[in-house]
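Residue numbers start from 1 in every chain, and the chains themselves are labelled A, B, ... in the order their sequence lines are given, proteins ahead of strands.
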Amino acid sequence: MNGTGACIVQRDFTVLLEKGHPGFEQAKNKLALFAELVKSPAMFHTYRITPLSLWNAAAGGQTADDVVEMLRCLSRWEVPGKVLSDIRMWMSRYGSLALIRTDGAPGMLYLEQRRSNPALLDQLETEPSLASFRLQRDGFRLCFPAVFRGQLKQEAARLGYPVIDEAGYHRGHTLPVALRGVTGDGQPFALRDYQEAGVDAFAGRVNPAEGQAGHGGSGVIVLPCGAGKTIVGLAALERLQCETLILTSNVTSVRQWITEICQKTTLTSEQIGEYSGDKKQVRPVTVSTYQILTHRTKKDGDFQHMRLFNERDWGLIIYDEVHLLPAPVFRATADIQATRRLGLTATLVREDGCERDVFSLIGPKLYEVPWRELERTGHIAKVECQEIQVAMAPSLKEKYEAAQGREKFRIASENSRKTAWLERLLRLHEGRQILVIGQYLQQLAEAAYVLQAPLITGSTPQEERVRLFQAFRERQIQVLVVSKVANFAVDLPDASVAVQISGSFGSRQEEAQRLGRILRPKATGEKAYFYSLVSADSREQHFALRRQLFLVEQGYEYKIRRDEAIFQDDAAQSEVL
DNA sequence: TAGCTCGGAA
DNA sequence: CACAGTCCGAGCTA
């Protein structure tokens with residue numbers, strides 16, 4: 001009855017998964033459905049089961065029985081009864097409250113109780129944090145003004161009660177649009193099966209009878225870098241045939257969306273607007289940045305550009321890179337819950353812990369393809385990850401020991417012995433396109449000097465960047481050293497080797513982004529390599545583990561190599577690699 | 001009015 | 001946890 005027994009389920013809702021266990025792979029895939037990875041030290045992965053991870057599982061069609069059965073099957077010992085009963089409790093809450101329309105009361109909505117828990121509505125009715133929403137008891141429902149739709153869902157989720165929103169959406173102004181099936185340069189293209197499945201998950205469940213309450217219509221789709229998230233957005237646009245607002249993280253991305261819409265849909269460029277610092281076009285399809293929305297006037301601190309949400313009758317809002325969505329945009333989003341919302345991201349993790357607000361205001365996770373799955377099907381390159389632990393020179397180690405907590409990190413990050421390793425790695429992968437990525441300008445300048453490679457930082461003029469990117473694409477340059485610009489530059493060329501020499505504290509998101517730089521499938525089908533250089537026995541090593549979490553959760557494995565043990569013989573090693 | 005440089009913001 | 005980078009808008013020049 002104990003099944004594979006690869007896991008130990010603890011009373012505090014953590015699950016330890018033993019790395020060497022024969023059932024490891026299977027267990028990992030199962031756990032990914034309802035738990036999140038929080039630590040991955042040497043022997044065990046530590047997962048945590050949270051209300052949010054269970055609600056997302058429920059939204060994805062898992063039942064409490066499914067989860068309980070999986071956990072029993074994976075667990076080495078009897079699963080604590082409290083854990084099982086709490087899982088049932090949390091999962092039963094998903095679906096026990098729904099928002100629906102009222103029949104004859106304009107501007108009002110019902111919060112309806114779907115499962116028997118007689119005290120629940122009483123509890124909500126008297127809950128202080130819900131007091132301002134003017135809840136009125138009406139049998140098994142609470143009636144309240146529709147303007148509180150978003151805030152109520154947000155607050156209820158905080159209280160531990162997710163609300164399924166079936167109050168429906170307004171259609172928005174109609175916009176006839178079709179995918180053209182060819183790109184601008186005449187290359188044919190069609191939706192890949194997983195892209196199609198993603199759109200189905202978002203729009204397929206929309207009730208076609210307008211005015212009727214329907215499921216779906218808002219939520220998040222998670223696809224790896226380079227898997228074609230934009231296409232999924234365009235396909236959603238085609239399904240819904242309505243005017244659409246697209247929000248994204250920077251102007252380069254704004255322009256890329258516009259280019260793709262022009263190439264791949266029947267819309268003309270006059271129908272597509274850019275709303276940025278440069279231009280303030282508001283057109284049937286408008287693409288804008290989060291940054292301009294959060295910009296406040298000098299005089300009274302008004303969010304003047306938030307008006308964009310109401311300037312046209314949008315039927316759909318696409319939140320690109322939804323993991324970056326800033327707090328003021330959450331607030332504005334709470335007020336437009338009758339508009340369909342599609343969140344797109346490669347990493348639905350936030351370092352500020354606002355995942356729950358994404359869940360309540362954008363919607364649940366509707367669809368996800370694990371990164372390794374796309375690797376298997378050849379849509380992204382196979383990658384080998386290595387963490388190389390580089391010893392500090394004795395003098396540096398001394399300095400490190402003497403330093404304060406936060407200085408320690410920087411000293412370890414800038415360990416100059418990393419440069420020597422860089423040279424060896426470059427020799428090993430000679431002839432391939434290599435990106436060296438780091439956090440500190442001085443360190444990067446040193447690396448660029450030693451490698452005799454060009455350096456791109458924030459202060460590199462735009463034309464110079466374009467020129468270098470072009471030369472790199474054409475293989476006139478093999479090695480490019482880049483700073484944090486690599487995190488934002490949408491136009492950074494692909495490479496097949498990336499070496500990270502330093503990074504910001506524990507950013508899982510940044511690590512994923514950097515790995516994303518080498519994911520485009522290689523023509524020859526060869527592997528890509530991702531190296532992370534870390535000072536051995538330092539705080540940096542600790543943060544490196546945290547950085548890797550998301551990718552480990554996605555199924556990537558980091559081979560750990562200690563300083564001395566590697567490259568004693570480069571030739572022999574290259575066969576291993 | 002287009003094309004800059006600069007400081008502030010998050 | 002702070003460094004680096006981005007974007008916006010204002011103020012300037014031509």
Atom-pair distance ([atom1] on [X]; [atom2] on [N]), nearest Å:
{"X": "A/Lys298", "N": "B/dC6", "atom1": "NZ", "atom2": "C1'", "value": "10 Å"}
{"X": "A/Gln442", "N": "C/dA4", "atom1": "CD", "atom2": "P", "value": "9 Å"}
{"X": "A/Gln513", "N": "C/dG5", "atom1": "CD", "atom2": "P", "value": "15 Å"}
{"X": "A/Asp278", "N": "C/dA10", "atom1": "CG", "atom2": "C1'", "value": "14 Å"}
{"X": "A/Lys299", "N": "C/dG9", "atom1": "NZ", "atom2": "C1'", "value": "15 Å"}
{"X": "A/Met306", "N": "B/dA10", "atom1": "CE", "atom2": "P", "value": "11 Å"}
{"X": "A/Ile292", "N": "C/dA10", "atom1": "CD1", "atom2": "P", "value": "11 Å"}
{"X": "A/Arg539", "N": "C/dA2", "atom1": "CZ", "atom2": "P", "value": "11 Å"}

Side-chain N or O of [X] closer than 4.0 Å to phosphate OP1/OP2 of [N]:
{"X": "A/Lys280", "N": "C/dG9", "answer": "yes"}
{"X": "A/Ser504", "N": "C/dA2", "answer": "no"}
{"X": "A/His305", "N": "C/dC8", "answer": "no"}

Students often get this wrong, so: under 4.0 angstrom with heavy atoms, is [X] touching a base, only sugar-phosphate, or nothing?
{"X": "A/Ser459", "answer": "nothing"}
{"X": "A/Arg465", "answer": "sugar-phosphate"}
{"X": "A/Ser249", "answer": "nothing"}
{"X": "A/Thr457", "answer": "sugar-phosphate"}

*Answer yes or no: is there a donor N or O on one side and an acceptor on the other, between the side chain of A/Glu510 and the main chain of A/Ser504, under 3.5 Å?*
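Side chain of A/Glu510 to backbone of A/Ser504, a donor-acceptor pair under 3.5 Å: yes, one is there.
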Residue [X], side-chain heavy atoms: nucleotide from [options] that is nearest:
{"X": "A/Thr289", "options": "C/dA10, C/dC7, C/dG5", "answer": "C/dC7"}
{"X": "A/Arg410", "options": "C/dT6, C/dA10, C/dC3", "answer": "C/dC3"}
{"X": "A/Phe488", "options": "C/dT6, B/dA10, C/dA4", "answer": "C/dT6"}
{"X": "A/Asn250", "options": "C/dC8, C/dA4, C/dT6", "answer": "C/dT6"}
{"X": "A/Gln304", "options": "C/dG9, C/dC3, C/dC7", "answer": "C/dG9"}
{"X": "A/Lys484", "options": "C/dC7, C/dC3, C/dC8", "answer": "C/dC3"}
{"X": "A/Tyr440", "options": "C/dC3, C/dG5, C/dC8", "answer": "C/dC3"}

*So, A/Phe550 versus A/His323, ring centres under 6.0 angstrom or not?*
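Judged by ring-centre distance (under 6.0 Å), A/Phe550 and A/His323 do not meet the cut-off.
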Distance-only polar pair, side chains of [X] and [Y], donor-acceptor under 3.5 Å:
{"X": "A/Asp12", "Y": "A/Thr14", "value": "yes"}
{"X": "A/Tyr319", "Y": "A/Thr333", "value": "yes"}
{"X": "A/Glu155", "Y": "A/Gln151", "value": "no"}

*If you measure from the Lys or Arg side-chain nitrogens to the Asp or Glu carboxylate oxygens, is any gap between A/Arg341 and A/Asp165 under 4.0 Å?*
no
